[in-house]
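First comes the structure, then the notes that go with it.
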Amino acid sequence: DDAIWSDDGYSSGGPQGISDGSRLAPATSADWVNNYKFIRRCNSILEKSGLVTGNAADADRYKGEAYFFRAWVYFEMVKRFGDVPLILRTFDVDDTLAQAHRTNREQVLDTAYADLDFAIAHLPAAPLPAAEYGRITKGAAQARKVRSGRGEGIGNKFHQQGDATRHLQIAVAASDPIIKYVIYSLFRYGPKPDSSYFQLFQAAGDGAGNTESILVRLYGENLTNSIASHNYVRARWGGSVTPTRTLMDAYLYTDGLPIEKSPYAKPQLNTLTEFEHRDPRMDMTVFNKTHWFLNGPYQPTFQNSPTGYKSRKFFVAEDWEINQSYVDNIIIRYGEILLIYAEATYELNGNITDADLSRSINLLRKRVNMPDLTNGFVTANGLNMREEIRRERRIELALEGDFRYWDLRRWKTAETALGQAVLGAKYFEDEQQGITNPQLTPEGFVIVQAAAKRKFDPERDYLWPLGIQDLGLDENLEQNQKW
């Protein structure tokens with residue numbers, strides 16, 4: 001689970017090289033090789049589409065899907081490696097492109113944006129017929145443009161490179177129509193609306209009825225029709241990603257104030273203390289003793305959890321026994337678009353109006369009955385609007401994948417955040433199982449990985465390494481700095 005790349009998660013498998021800075025340049029990089037294989041497939045479809053006869057609209061739809069995926073891959077390549085070769089046609093081993101040079105990242109990004117524009121123009125809008133649910137839509141292409149504009153704009157601004165304004169403007173302009181579509185909306189669980197955020201990642205949030213889902217990875221239906229499945233339930237319970245102390249401390253209290261300022265904050269007397277008067281998303285993301293597990297109340301444990309916490313998000317109890325799940329994996333959701341709109345607007349203007357907060361972040365807060373974020377509240381309580389916008393993104397998207405890792409990189413805060421010790425729960429010997437003689441901080445928190453074993457080199461780690469063998473195959477490529 002990519003959430004362990006950041007300071008929000010840690011795995012029972014032990015230290016993680018991306019997170020703690022210990023990894024080396026690989027012999028070959030799957031993120032390089034496999035992505036170029038995928039780009040070749042997209043280019044092949046686009047080249048052969050010219051030979052297709054028949055319904056032009058159908059042909060353009062398939063082309064739109066190919067352009068969408070080619071753009072997706074190039075955005076992912078650029079954020080990892082920086083400048084990458086821009087390959088827009090197929091070729092064989094004797095072609096000059098077999099020894100391609102890197103292309104300036106802005107040119108690569110311009111091509112990817114253009115690919116998405118074609119997709120937006122030619123793909124159908126949601127909702128699709130039931131038989132086509134899961135295929136790429138106009139909204140998915142628009143949302144990918146929003147995500148990429150925000151990522152490039154924020155990264156350029158805080159790394160002081162490239163044109164931050166242009167990309168942020170793309171993010172805001174592309175998100176505005178999604179918000180106005182009235183096609184997408186935040187998921188609401190009718191039987192119990194207050195649990196909507198939790199149910200979003202359960203069977204209730206599965207399928208076309210979830211209007212928050214913009215792009216999903218589909219799986220099979222059940223054991224009888226098991227085309228594909230995943231095992232998030234057992235993997236998460238086995239500790240594939242366990243929440244950390246720094247994530248837990250990021251949750252606001254129900255008065256809208258952080259742990260440093262809220263009068264609700266008090267010393268922990270037991271494992272439940274930190275859940276009291278907190279943003280309900282904390283309870284819906286992390287297990288505690290008030291939750292029912294399989295045959296009884298959840299028991300706090302360090303077994304398969306070096307941090308002492310277990311992720312409740314994605315835990316579908318009904319799928320435990322069969323060790324398979326068919327619940328959609330949400331790739332892009334409307335909640336993320338609202339977060340991007342707020343952040344990009346703020347970073348473009350240096351401020352954000354209460355009206356823009358009301359049409360973005362405060363919709364997410366209302367879903368979980370948290371107080372609104374307003375300029376007046378920030379000023380009155382000595383808060384920082386940028387920090388609160390970033391906090392909202394962290395909490396809303398917690399443990400859903402690699403969001404936090406890339407955010408730390410784009411905000412240029414990774415050298416600080418990832419260099420800190422990884423801490424877990426406060427240790428209460430009479431409540432918690434699965435640990436003996438833990439190493440503790442003076443405050444009693446379990447030390448999972450000491451700061452001395454973690455590092456982030458800002459001259460190296462803001463870009464990923466190319467594979468050694470991959471470099472050997474192309475004499476025109478050079479390794480990224482200090483790798």
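At least one side-chain heavy atom of Y341 sits under 4.5 Å from a side-chain heavy atom of I179. I340 places a side-chain heavy atom less than 4.5 Å from the side chain of R147. For the pair R188 and Q199, the minimum side-chain heavy-atom distance is 4.5 Å or more. In this structure, E343 and R150 have side chains that are in contact, with non-hydrogen atoms separated by less than 4.5 Å. Counting heavy atoms from C-beta outward, I352 and I389 have side chains that approach closer than 4.5 Å. For the pair R333 and S213, the minimum side-chain heavy-atom distance is 4.5 Å or more. You'll find the side chain of I447 stays beyond 4.5 Å of the side chain of L440, heavy atoms only. Residues S29 and F81 form a side-chain contact, since some pair of their non-hydrogen atoms from C-beta on lies under 4.5 Å apart.
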- Are Y427 and I435 close enough, and set up right, to give a side chain to side chain contact (heavy atoms under 4.5 Å, CB included), and what steps lead you there? CA-CA 10 Å; Y427 181 55; I435 191 171; 3.6 Å; yes

Notebook entry, point to check: Would S19 and R454 count as a side-chain hydrogen bond (donor to acceptor under 3.5 Å, both in side chains) if you check the C-alpha gap in whole Å, the side-chain angles of each, and the deciding distance to 0.1 Å?
Noted result: CA-CA 8 Å; S19 175; R454 297 179 63 81; 2.7 Å; yes

Practice problem: For side chain to side chain contact (heavy atoms under 4.5 Å, CB included), just list the numbers for L186 and L364, CA-CA rounded to whole Å, side-chain angles, deciding distance to a tenth of an Å, and then say yes or no. | Solution: CA-CA 8 Å; L186 294 181; L364 298 167; 3.7 Å; yes

Quiz prompt | Evaluation steps, side chain to side chain contact (heavy atoms under 4.5 Å, CB included), between S148 and H167 | solution = CA-CA 8 Å; S148 299; H167 293 291; over 6 Å; no

Could you go step by step and tell me if F187 and Y334 meet the side chain to side chain contact (heavy atoms under 4.5 Å, CB included) rule?
CA-CA 9 Å; F187 175 74; Y334 185 60; over 6 Å; no

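Side-chain N/O atoms of D354 and N375 include a donor and acceptor closer than 3.5 Å. Side-chain N/O atoms of Y405 and D8 include no donor and acceptor closer than 3.5 Å. A donor-acceptor pair shorter than 3.5 Å cannot be found between the side chains of Q268 and T273. Judged by distance alone, the side chains of S226 and Y326 do bring a donor and an acceptor atom under 3.5 Å apart. A donor and an acceptor atom, one from each side chain of S240 and S11, are nowhere located under 3.5 Å apart. Using a 3.5 Å distance cut-off with no hydrogens or angles, the side chains of D372 and T374 do not pair a donor with an acceptor. At a cut-off of 3.5 Å, with distance as the only test, a side-chain donor of D402 or W406 sits close to an acceptor on the other residue. Side-chain N/O atoms of D283 and H291 include a donor and acceptor closer than 3.5 Å. One side chain, D20 or Q449, offers a donor N or O that lies under 3.5 Å from an acceptor on the other. Counting only N and O atoms by type, the side chains of N288 and T290 include a donor and acceptor under 3.5 Å apart.
When every heavy atom of L252 is checked against every heavy atom of P258, the shortest pair comes out as CD2-N, 3.5 Å.
Considering Y10, F403, W464 as possible partners of W5, the one that fulfils the ring-ring contact (aromatic ring centres under 6.0 Å, His included) test is W464. Among T353, V172, L357, L168, the one residue that satisfies the side chain to side chain contact (heavy atoms under 4.5 Å, CB included) test with T345 is V172. Screening F69, F68, Y74 for a ring-ring contact (aromatic ring centres under 6.0 Å, His included) involving W72 leaves a single residue, F68.
Comment: R386 engages E347 in a salt bridge, judged by a side-chain N to carboxylate O separation of less than 4.0 angstrom. Ion pair E396/R365 not flagged as a salt bridge, since none of the NZ, NE, NH1 or NH2 atoms sits closer than 4.0 Å to an Asp/Glu carboxylate oxygen. Comment: D194 does not engage K192 in a salt bridge, judged by the lack of any side-chain N to carboxylate O separation of less than 4.0 angstrom. Ion pair R245/E443 not flagged as a salt bridge, since none of the NZ, NE, NH1 or NH2 atoms sits closer than 4.0 Å to an Asp/Glu carboxylate oxygen. At a threshold of 4.0 Å, the pair E276-K266 counts as salt-bridged, since one of the basic side-chain nitrogens sits closer than that to a carboxylate oxygen. Between E76 and R80 there is a salt bridge, since at least one side-chain N of the basic residue sits less than 4.0 Å from a carboxylate O of the acidic one. Salt bridge R278/D249: absent, no basic N to carboxylate O contact under 4.0 Å. Comment: D328 does not engage R217 in a salt bridge, judged by the lack of any side-chain N to carboxylate O separation of less than 4.0 angstrom. Between D1 and R236 there is a salt bridge, since at least one side-chain N of the basic residue sits less than 4.0 Å from a carboxylate O of the acidic one. Looking at E274 and K426, no side-chain N of the basic residue comes within less than 4.0 Å of a carboxylate O on the acidic one, giving no salt bridge. Salt bridge status for D407 with K412: absent, with no side-chain N to carboxylate O gap under 4.0 Å.
In this structure, the separation between CZ on R312 and CE on M284 is 8.0 Å, given to the nearest 0.5 Å. Atom-to-atom distance recorded for N35:CG and M77:CE is 5.5 Å, nearest 0.5 angstrom. K145 NZ to L116 CG: the interatomic distance, rounded to the nearest 0.5 Å, is 7.0 Å. Taking NE2 of H159 as the reference point, atom CD1 of I154 lies at 10.5 Å (rounded to 0.5 Å). Here the straight-line distance linking atom OG of S185 with atom CZ of R367 works out to 9.5 Å at 0.5 Å rounding. Rounding to the nearest 0.5 Å gives a distance of 12.5 Å between CG of L408 and CG of D461.
Sorted by first and then second residue, the pairs that involve residues 195-222 and meet ring-ring contact (aromatic ring centres under 6.0 Å, His included), not counting sequence neighbours, are Y197-F201, F201-F314, Y219-H230.
Looking at Y133, its side chain does come within 3.5 Å of a backbone N or O of G207 through a donor-acceptor pair. A donor-acceptor contact shorter than 3.5 Å is absent between the side chain of Q142 and the backbone of S175. Looking at N210, its side chain does come within 3.5 Å of a backbone N or O of G205 through a donor-acceptor pair.
In summary, the aromatic rings of F75 and Y113 are positioned with their centroids under 6.0 Å apart. Between F287 and W237, the ring centre distance stays below 6.0 Å.
Atom CG of N437 has 12 or fewer neighbouring heavy atoms from other residues, nucleotides or ligands inside a 6.0 Å radius. More than 12 heavy-atom neighbours from other residues, nucleotides or ligands sit within 6.0 angstrom of CD on E431. Other residues, nucleotides and ligands contribute over 12 non-hydrogen atoms within 6.0 Å of the NZ atom of K366. Shown here is Q160, whose CD atom has no more than 12 heavy atoms of other residues, nucleotides or ligands within 6.0 Å.
Considering only residues two or more places apart in sequence or on other chains, N351 meets the side-chain contact (heavy atoms from CB on, under 4.5 Å) condition with N349.
The aromatic rings of F293 and F315 lie tilted to each other, with the angle between the two planes from 30° to 60°.
Figure legend: R390 and F158 shown as a cation-pi pair, the cationic atom lying under 6.0 angstrom from the six-membered ring centre and within 45 degrees of its axis.
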